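Throughout, protein chains are lettered first and strands after them, A, B, ... in sequence-line order, and every chain is numbered starting at 1. Keep in mind the model is a prediction, meaning the values are calculated, not measured.
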There are 2 protein chains.
Amino acid sequence: MSHMSYTRLMAVDRDQVLRSAAALLTRRPTATMDEVARAAGISRATLHRHFAGRDALVRALESLGVAECEAALDRARLDDGPAGDALRRLVREIEPAAGLLAFLYGENQLWEDGGDEPWARLDTRIATVFVRGQQGGEFRIDLSPVWLTEALYGLVASCAWATQAGRVAPKDFTHMVVELLLGGALRREEA
Amino acid sequence: MSHMSYTRLMAVDRDQVLRSAAALLTRRPTATMDEVARAAGISRATLHRHFAGRDALVRALESLGVAECEAALDRARLDDGPAGDALRRLVREIEPAAGLLAFLYGENQLWEDGGDEPWARLDTRIATVFVRGQQGGEFRIDLSPVWLTEALYGLVASCAWATQAGRVAPKDFTHMVVELLLGGALRREEA
DNA sequence: CCGCGATGAGACATCGATGTCTCACATGAG
DNA sequence: CTCATGTGAGACATCGATGTCTCATCGCGG
């Protein structure tokens with residue numbers, strides 16, 4: 001069976017190529033197809049056999065990012081317990097994908113026409129947590145769920161970049177993002 | 001005097017070109033030099049007479065952004081009164097430059113080697129406010145001033161993009177940024 | 001051993017953006 | 001009026017990245 005031989009002889013794992021591409025493009029968003037190939041340990045020709053072009057590669061990375069986010073959302077069990085705790089779990093689960101997310105976040109700002117189709121479901125699921133927190137009296141209602149969702153993406157990306165630049169310790173990632181998003185910079189009143 | 005004639009005959013104002021370039025690149029970061037020229041109402045040749053190349057243009061925009069930020073910091077009187085109020089004034093004063101800042105913020109993430117020279121002084125001035133707030137017991141101390149500074153940039157850029165995408169009302173810009181940065185999503189205890 | 005299929009290396013054309021140049025035109029100073 | 005200067009329009013070469021192609025090689029199954 002051709003499928004059998006394909007599976008067995010394919011020396012390079014498509015998913016593995018995708019991972020290394022994500023790792024490289026996270027650090028250098030403008031990396032060349034040739035650099036991506038070398039980073040994956042394959043030739044440019046083989047890379048092009050897996051992904052028709054740069055657009056296809058980026059779209060594949062987008063799918064990967066969306067999938068990892070969906071998985072993180074699932075693991076975070078957003079509907080359980082207090083919304084604040086749900087958010088903490090979400091950021092903790094999403095941290096491993098933060099670099100990839102930051103790359104895709106920056107990439108999306110380059111496209112005038114919002115190609116947001118793959119992200120719509122994700123946005124909705126996240127915004128739902130904020131809505132739940134607001135309705136339960138846990139979150140303030142003067143910050144719209146849409147903005148809170150956007151701010152979450154922004155803080156994750158910012159912290160990922162700051163981490164890569166050495167301005168934030170990797171071990172503090174979750175704490176910095178979640179505590180700022182939930183509690184803000186002000187000290188809580190010692191009531 | 002050649003200087004006289006230069007000043008009087010120069011139909012296009014260099015600063016005006018810079019402004020329109022900022023406005024365009026804020027919306028479409030990948031805009032062509034030709035598009036930038038047309039947006040400024042001049043030809044590509046004239047644009048190139050003012051700025052040696054795209055790099056020079058971007059660097060000029062960076063200088064403009066830094067200058068506007070410095071001016072905003074001055075107007076905000078960061079050393080006066082409670083640090084929280086200083087932050088509110090800062091975001092309010094910086095809002096007009098938010099689009100340009102967002103463009104430059106995204107642009108900086110594309111360059112592997114941090115060309116942070118122009119921003120260092122700015123970062124320091126902003127971080128100083130957070131330090132002051134922490135020392136005065138106004139801000140929590142588990143979020144580093146460096147991260148808070150980075151988060152401020154990130155939230156400003158995120159809100160600028162969200163505003164452009166129609167996900168946040170322009171009139172809410174300052175409130176959304178400053179309230180999230182200072183207070184976070186959680187409701188304050190009704191102590 | 002033979003042959004198939006995947007790979008690597010490289011040549012090649014293409015394409016978009018950029019930088020440079022020339023030339024004609026318009027406007028204001030003298 | 002005449003000339004100088006800034007400008008617009010366009011041609012032109014260049015450069016980097018990309019997409020496509022060919023060919024030799026290697027590894028494994030038959």
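Counting to the nearest Å, the C1' atom of C/dG19 and the CZ atom of B/R44 are 7 Å from each other. Distance, A/R38 CZ to D/dT18 P: 13 Å, rounded to whole Å. Distance CE (B/M33) to P (D/dG8): 14 Å, rounded to an integer number of Å. Put simply, CZ on A/F51 is 15 Å from P on D/dT18, counting in whole angstrom units. One atom, CG of A/D55, and another, C1' of D/dG19, lie 12 Å apart when rounded to the nearest Å. Rounded to whole angstrom, the span from the NE2 atom of B/H50 across to the C1' atom of D/dG6 amounts to 9 Å.
Applying the 4.0 Å criterion to OP1 and OP2 of D/dT18, one finds that A/H48 has every side-chain N and O outside that range. Contact annotation: A/S43 does not reach the phosphate of C/dA9 (side-chain N/O to OP1 or OP2, under 4.0 Å). Residue B/T32 places at least one side-chain N or O closer than 4.0 Å to OP1 or OP2 of C/dA17.
Using a distance-only test at 3.5 Å, with no hydrogens or angles considered, a donor-acceptor pair links the side chain of B/W147 to the main chain of A/M176. No donor-acceptor pair closer than 3.5 Å links the side chain of A/E138 to the backbone N or O of B/L186.
Between the side chains of B/E150 and A/S158, no donor N or O sits under 3.5 Å from an acceptor N or O.
When the nucleotides C/dT18, D/dT22, D/dA9 are ranked by their closest atom to the side chain of B/A45, D/dA9 comes out on top.
When each of A/R49 and A/D34 is assigned the nucleotide of DNA chain D with its nearest heavy atom, A/D34 is the one assigned upstream, toward the 5' end.
At a threshold of 4.5 Å between non-hydrogen side-chain atoms, the residues A/L57 and A/L18 count as touching.
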